[in-house]
Amino acid sequence: MEILEISPQFKELFSGAGLKTFTDFMAKEVGQPMTKEKTRSMVKITLDGRTFYLKRMKKQTLANSLWIFLTGEKPHGTAYREMLHVKELRDAGFDAMEVAAAGEIRRLGLPGDSFLMTREVEGQDLDPLYRASSVEDRREIARRFGELLGKLHATGFYSRVRLKDVLIGPGDSVSKRAFTLIDRETRHPYPRMFSKRKVLALLTAAISRHQRMSVPVRPETVRWFLDGYVSGISPKWKISRLELFRICKERMGVSGGK
């Protein structure tokens with residue numbers, strides 16, 4: 001069974017480019033190839049002055065599908081699952097990339113190939129901007145990134161988020177520029193029950209992950225980040241930045257003052 005979803009506002013535009021069926025989106029040679037790997041590829045397509053990114057994913061492993069099924073969720077292809085996650089995020093009020101089309105093929109209840117087509121987000125990558133910013137702007141970026149992560153965790157969204165997974169919109173002031181989530185691949189597209197134990201593991205993992213990516217993570221950076229995080233997660237967990245810093249210090253060996 002083939003499943004195909006196209007946003008009504010783009011259906012005519014895509015049809016004019018020969019993208020009408022699941023097979024068209026999955027296999028037709030269109031646009032400018034960006035990446036091509038064994039299990040995935042990415043194509044950049046410009047139609048009538050509008051730019052889209054088409055991600056094509058090959059069939060995921062049976063073990064992965066069974067693992068998702070055992071967690072109580074319906075298995076979907078990776079790209080289609082990303083579309084479901086983005087819809088959940090946008091419905092919950094988060095600024096995330098716009099889905100233009102998505103689809104998957106299913107056989108005997110198991111997902112096969114899948115694709116996701118999203119509209120280009122106006123802005124620049126947050127990761128290189130952070131690295132090149134002044135101390136004042138790095139403080140604001142760290143705080144806002146922490147607040148975003150805290151809000152996601154408070155809402156039950158536990159997929160990983162890195163600086164490179166966020167685009168910052170145009171504008172003169174970092175404090176006023178929009179943060180938009182991109183690249184939302186996850187095994188669990190839907191929000192889950194809040195758990196302090198879970199969010200602590202995710203929080204320390206996020207800090208460690210950025211250290212491994214050679215992002216400057218210093219004690220003051222962690223404090224800026226946690227200032228935002230405690231604000232974002234406050235609807236579900238009232239904890240001070242100092243207490244959260246102490247927990248991170250114990251878990252990761254972070255040092256620094258108050």
Side-chain angles (χ1 to χ4, degrees), residues 1-48 50-92 94 96-121 156-162 164-165 180-192:
M1 177 178 66
E2 292 181 357
I3 300 173
L4 175 63
E5 297 184 23
I6 304 176
S7 175
Q9 64 175 313
F10 300 124
K11 195 164 188 176
E12 185 176 347
L13 181 66
F14 294 163
S15 179
L19 298 172
K20 302 178 182 179
T21 67
F22 174 83
T23 301
D24 291 334
F25 281 95
M26 197 69 210
K28 194 177 184 68
E29 293 188 11
V30 292
Q32 172 189 348
M34 297 184 65
T35 60
K36 189 171 184 179
E37 303 171 16
K38 185 176 180 180
T39 59
R40 69 171 65 200
S41 64
M42 180 78 78
V43 178
K44 182 179 181 180
I45 305 171
T46 300
L47 301 171
D48 194 27
R50 288 171 283 187
T51 300
F52 302 87
Y53 293 93
L54 174 58
K55 179 187 293 187
R56 294 162 167 165
M57 305 289 295
K58 293 298 182 181
K59 179 181 178 181
Q60 65 187 4
T61 64
L62 177 61
N64 193 16
S65 291
L66 289 176
W67 188 90
I68 293 172
F69 177 78
L70 290 174
T71 64
E73 295 181 2
K74 181 179 180 179
H76 288 285
T78 306
Y80 193 82
R81 200 164 59 240
E82 185 174 0
M83 176 274 292
L84 294 172
H85 187 47
V86 170
K87 284 189 173 182
E88 291 288 331
L89 287 169
R90 289 171 70 95
D91 287 347
F94 291 97
M97 58 190 184
E98 179 182 3
V99 174
E104 69 173 350
I105 189 167
R106 302 184 66 83
R107 296 185 179 91
L108 301 176
L110 294 175
D113 296 348
S114 60
F115 80 88
L116 172 67
M117 193 165 184
T118 59
R119 190 171 182 179
E120 184 177 51
V121 178
F157 292 109
Y158 296 146
S159 60
R160 73 178 182 183
V161 182
R162 305 158 295 182
K164 64 184 293 185
D165 297 325
T180 303
L181 289 162
I182 59 172
D183 194 17
R184 306 313 313 136
E185 289 184 28
T186 177
R187 286 184 174 183
H188 300 285
Y190 308 106
R192 288 175 283 167

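- Residue pairs meeting the salt bridge (charged side-chain N to carboxylate O under 4.0 Å, His left out) criterion with at least one member in residues 17-29, sequence neighbours excluded, do not occur.
- A salt bridge links Asp183 with Arg162; the closest basic N to acidic carboxylate O contact falls under 4.0 Å.
- The environment of Glu12 atom CD is sparse: at most 12 non-hydrogen atoms of other residues, nucleotides or ligands sit within 6.0 angstrom.
- Remark: Asp91 pairs with no residue by the side chain to side chain contact (heavy atoms under 4.5 Å, CB included) rule, at least two apart or across chains.
- When the side chain to side chain donor-acceptor pair (under 3.5 Å) test is applied to Lys87, the partners found at least two apart in sequence or on another chain are Glu5.
- Residues meeting the side chain to side chain donor-acceptor pair (under 3.5 Å) test with Thr180, sequence neighbours left out: Asp95.
- Partners of Tyr80 according to the ring pair (Phe, Tyr, Trp, His ring centres under 6.0 Å) rule, which considers only residues two or more places apart in sequence or in another chain, are His76.
- Between Ile105 and Met26 there is no side-chain heavy-atom pair separated by less than 4.5 Å.
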Could you give the side-chain donor-acceptor pairs of residues 32-43 under 3.5 Å, partners two or more places apart or in another chain?
| from | atom 1 | to | atom 2 | distance (Å) |
| --- | --- | --- | --- | --- |
| Thr35 | OG1 | Met42 | N | 3.4 |
| Arg40 | NH1 | Glu185 | OE2 | 2.8 |
| Arg40 | NH2 | Glu185 | OE1 | 3.0 |
| Arg40 | NH2 | Glu185 | OE2 | 3.4 |

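- The closest side-chain heavy-atom distance from Phe10 to Met117 is not below 4.5 Å.
- The shortest distance between side-chain heavy atoms of Glu98 and Gln9 falls below 4.5 Å.
- No side-chain heavy atom of Ile182 sits under 4.5 Å from any side-chain heavy atom of Tyr53.
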